[in-house]
Number of protein chains: 2
Amino acid sequence: MAKKPDNPYVVQPVMKALKVLELVARHSHEIALTAVSKELKIPKTTTFRYLQTLTAAGFLDHNRATDRYNLGPQLRSIARADASVSKVRELARPAMIGLMQEFNETVNLAVKGNGTIVYIDLVEANRSLRMQARIGDSHPMHSTALGKAILAFLPDAERQHQLDLPLTERTGRTLLEREEIERQLRQVARSGYATEMGENEDGAMCVGVPILDADGYPVAALSISAPLMRMPHSLAAKAGVRLREVAAGISATLGSHPPG
Amino acid sequence: MAKKPDNPYVVQPVMKALKVLELVARHSHEIALTAVSKELKIPKTTTFRYLQTLTAAGFLDHNRATDRYNLGPQLRSIARADASVSKVRELARPAMIGLMQEFNETVNLAVKGNGTIVYIDLVEANRSLRMQARIGDSHPMHSTALGKAILAFLPDAERQHQLDLPLTERTGRTLLEREEIERQLRQVARSGYATEMGENEDGAMCVGVPILDADGYPVAALSISAPLMRMPHSLAAKAGVRLREVAAGISATLGSHPPG
DNA sequence: AAACAAATTCCGCAAGGCGAAACGAGTGTT
DNA sequence: AACACTCGTTTCGCCTTGCGGAATTTGTTT
C-alpha cells in the first residue's frame, strides 16, 4: 500500500503535499486543481486540501480570478534570503581572511534576524584568548557592533520597530536608553562604523560595519572582535576605517546586480 | 485543540512540516533536531519525522557529520527555475511587443520543460485568424520552432537524451527521423534560427530563436507564429534574422549577471 | 568509565486525514 | 433559454496512519 516504503519515518501527507508544491513550481505557470490532481494521481479532494494548506502557509498563491495556483511569497522570500546569505558569505570570505591576518583578531559576518543578528561565518584568529561566537548563534542588535552597524543603516521605520522591542541587558555596560542608542546610531551613520565595548560580553569588544545591497539596505555586517585589553580606542578606530573600506568593496560587488 | 481552525481544509501535518521547513530556512545555518523541536514546540518524535520527510523530498539537506539540517537542493532548484522564468519574461516582454507590431503576428515565449516546451508568455496580433497557444500549454520540442531552437543549442548529451524520448506525430509533416532532425538542428545552430512549417499544427508555421544565459545554455526561446499562408519563406527568413537580433539583446542582458 | 545529551526506534491509541459522493457555480452548447 | 458539462467546494463516516511518551541506542563530555 505504501508508495514510498523507503524510509519508515516519511509522513505521507507531507510528502504528497511537497510533490504538489513541486509540480506547481515546475509548471512555470499557474495551474488548476484538477490538473494537479490528474497529474499526480491524487484524488481531487486531497489535492484540494494540500493546495489550501500550501496556500495558507504562503508557499503557494491562489489566484481567485482564475482559480489557479502558483508559487507564493513565502517560498520566494526563503529563496531570496538564502541566496543573499550564500552570496554575501561567498563574497566576504576572502576579505575576512585578509582582515584576520591584518589584525590577528577574529573576524565575524552576520545577517539581520528578527531583533537579532545571526552569525553566518567567522574566521578565528589563532590566539589562545579568542572570542566566543559560533556560526548560527544570535545576539541582540543593540548590544553588538554588528547589530548597531545594521541598525544605523536601516530605513527609519524599520529601525524604530526594532528599537521598540524589549532590549535585553547583556552586561552592565549594555545600552538600554532609547535616546542614548539613537544618538550612537546617528554617530555610526556618520562615521560608517560601529563600536561596542563590553556591552555584549564582559571583557570583549567589537568594531562593525554594514554590508549594503543595491538598494542601500544593510543585509549583513562585518566585524572584528577582540578582548578589550588588546584593542584600545585608537586601534579600534583604525580597524573601523579598514572595515569600512573592505565592506564598501563587498557592497559594490553585491550592488553590481541591477535589482530584480 | 486545533491550532489554526481558520481554514477547515488545512492539513495539520503538512502545515506543521512547512513551519519546520520555514524555521530551518530562516535560521541561515544548519540546525539540529532538538533546536527545531524546542523552537516550534513540536514533540521531538514528530519533528524528527518531518525533518526526515523534508529531507527525503530534497527540500532539506541532512548533514550526517553534525546531525543538522539545512536547505536542500530541491528548494534551491525550484527557486532558481522560478527566478529564471520571471526574469526572462520580464526582459522579453517589451521586445515581444515590438516584434508583434513589426510583423503583425503573434509572438511567443517558452521555456524548456521535460521533452517539451512550455509557453510562458505571448503577445497576440490583433488579427481575426490568430494562432493557438495559451500560456502554460506545452508542445513537443521536435515539432515546434521554439523547441528546435532550444534543442540546437543544448549541450550534446542533453540533446541526445531529449531525442531518445518517443517523438509524437503532431501532423503529417512532423519530423520523426532522427537523422533528419539532427541535420536540421545543425542547420539551426549555424543560422541561429529555427523554422517549422505545419509540423506542429496544420496550416500554421513558426520561426524561433533561443535565449541563452550567461553559460550559453538555452533557457528559453522566442518565436513568431503565423498561418502558413501569410508567411512565405522569404518573410520567415527576415523574421528569423530579426528574432536573432532581439534574442541576442535579451541573452546579453541575462548574461550580464556573473554566474552565482 | 560514568554521566549526559541527542538522535533513533518502538508501540498502542485515537485523532484526523481520506476519498466517494453530493452539491453548486460557472461555462459553453444545442 | 434549457441543458449538459466541467470544475471547485462541502459533507460525512470509515479506518488508516500519524502522534507522542517512553525505551533504546549513539556519541560526546567530564
Side-chain angles (χ1 to χ4, degrees), chain A residues 1-21 23-24 27 29-57 60-70 132 134-137, chain B residues 1-21 23-24 27 29-57 59-70 72 132 134-137:
Chain A
M1 201 94 314
K3 306 190 170 184
K4 307 265 176 180
D6 317 317
N7 186 335
Y9 300 114
V10 166
V11 177
Q12 290 303 332
V14 174
M15 180 58 92
K16 285 191 273 181
L18 291 174
K19 298 271 185 223
V20 170
L21 176 59
L23 178 70
V24 174
H27 198 259
H29 185 62
E30 56 178 33
I31 183 172
L33 161 62
T34 306
V36 176
S37 168
K38 278 182 187 155
E39 187 83 28
L40 295 176
K41 314 263 181 60
I42 296 175
K44 228 170 37 165
T45 312
T46 307
T47 307
F48 175 66
R49 272 190 282 254
Y50 293 161
L51 287 170
Q52 290 287 318
T53 308
L54 289 162
T55 302
L60 290 183
D61 202 27
H62 182 227
N63 184 340
R64 295 259 168 202
T66 59
D67 248 314
R68 284 155 196 271
Y69 301 83
N70 51 34
Q132 59 291 334
R134 298 215 148 266
I135 297 181
D137 284 357
Chain B
M1 200 91 316
K3 306 190 171 184
K4 308 265 175 179
D6 318 317
N7 186 335
Y9 301 114
V10 166
V11 177
Q12 291 302 333
V14 174
M15 181 56 95
K16 285 192 272 180
L18 291 173
K19 298 271 185 222
V20 169
L21 176 58
L23 179 70
V24 174
H27 198 260
H29 185 64
E30 55 178 35
I31 183 173
L33 161 62
T34 306
V36 177
S37 168
K38 278 182 186 155
E39 187 83 27
L40 294 176
K41 312 266 180 62
I42 297 175
K44 230 168 39 164
T45 313
T46 306
T47 307
F48 175 68
R49 272 190 282 255
Y50 292 161
L51 287 170
Q52 290 287 317
T53 308
L54 289 162
T55 303
F59 281 77
L60 290 183
D61 202 27
H62 182 225
N63 183 341
R64 295 258 168 203
T66 59
D67 248 313
R68 284 154 195 273
Y69 300 82
N70 52 34
Q132 61 291 334
R134 298 216 149 264
I135 296 180
D137 283 359

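All chains are named by letter (A, B, ...) in the order of the sequence lines, taking the proteins before the strands, and each is independently numbered beginning at 1.
- Looking at A/Arg49, its side chain has no donor and acceptor atom pair within 3.5 Å of the base of C/dG16.
- Not a single donor-acceptor pair, N or O on each side, falls under 3.5 Å between the base of D/dG8 and the side chain of A/Arg68.
- Set against D/dT9, C/dG17, D/dC7, the side chain of A/Lys38 has D/dC7 as its closest nucleotide.
- The phosphate of D/dG20 has OP1 or OP2 within less than 4.0 Å of a side-chain N or O from B/Thr46.
- Taking 4.5 Å as the limit, some side-chain heavy atom of B/Lys38 sits within range of a side-chain heavy atom of B/Thr34.
- Sequence order on DNA chain D of the closest nucleotides to B/Tyr50 and B/Asp67 puts B/Tyr50 first from the 5' end.
- For A/Ser37 (side chain) and A/Thr47 (main-chain N/O), no donor-acceptor pair under 3.5 Å exists by modelled atom type.
- Closest to the side chain of B/Gln12, out of D/dG18, C/dG17, D/dA22, is C/dG17.
- Rounded to an integer number of Å, the gap from B/Leu51 CG to C/dT8 C1' is 13 Å.
- Between B/Tyr69 and B/Val36 there is no side-chain heavy-atom pair separated by less than 4.5 Å.
- No side-chain heavy atom of A/Asn70 sits less than 4.5 Å from a side-chain heavy atom of A/Asn63.
- The nearest whole Å value for the distance from the NZ atom in A/Lys41 to the C1' atom in C/dG19 is 17 Å.
- Rounded to an integer number of Å, the gap from A/Gln52 CD to D/dG8 P is 11 Å.
- Residue B/Lys44 places no side-chain atom within donor-acceptor reach of the base of D/dG20, judged by atom type and a 3.5 Å distance cut-off alone.
- If you take CZ of B/Phe48 and C1' of D/dG20, they are 14 Å apart, rounded to a whole angstrom.
- Closest contact between the side chain of B/Pro13 and the listed nucleotides C/dA20, C/dG17, D/dG21 involves C/dG17.
- Residue whose closest nucleotide on DNA chain C sits further toward the 5' end, between B/Val11 and A/Tyr9: A/Tyr9.
- A donor and an acceptor atom, one from each side chain of B/Asp67 and B/His62, are located under 3.5 Å apart.
- Here A/Thr34 lies in heavy-atom contact (under 4.0 Å) with sugar-phosphate atoms only.
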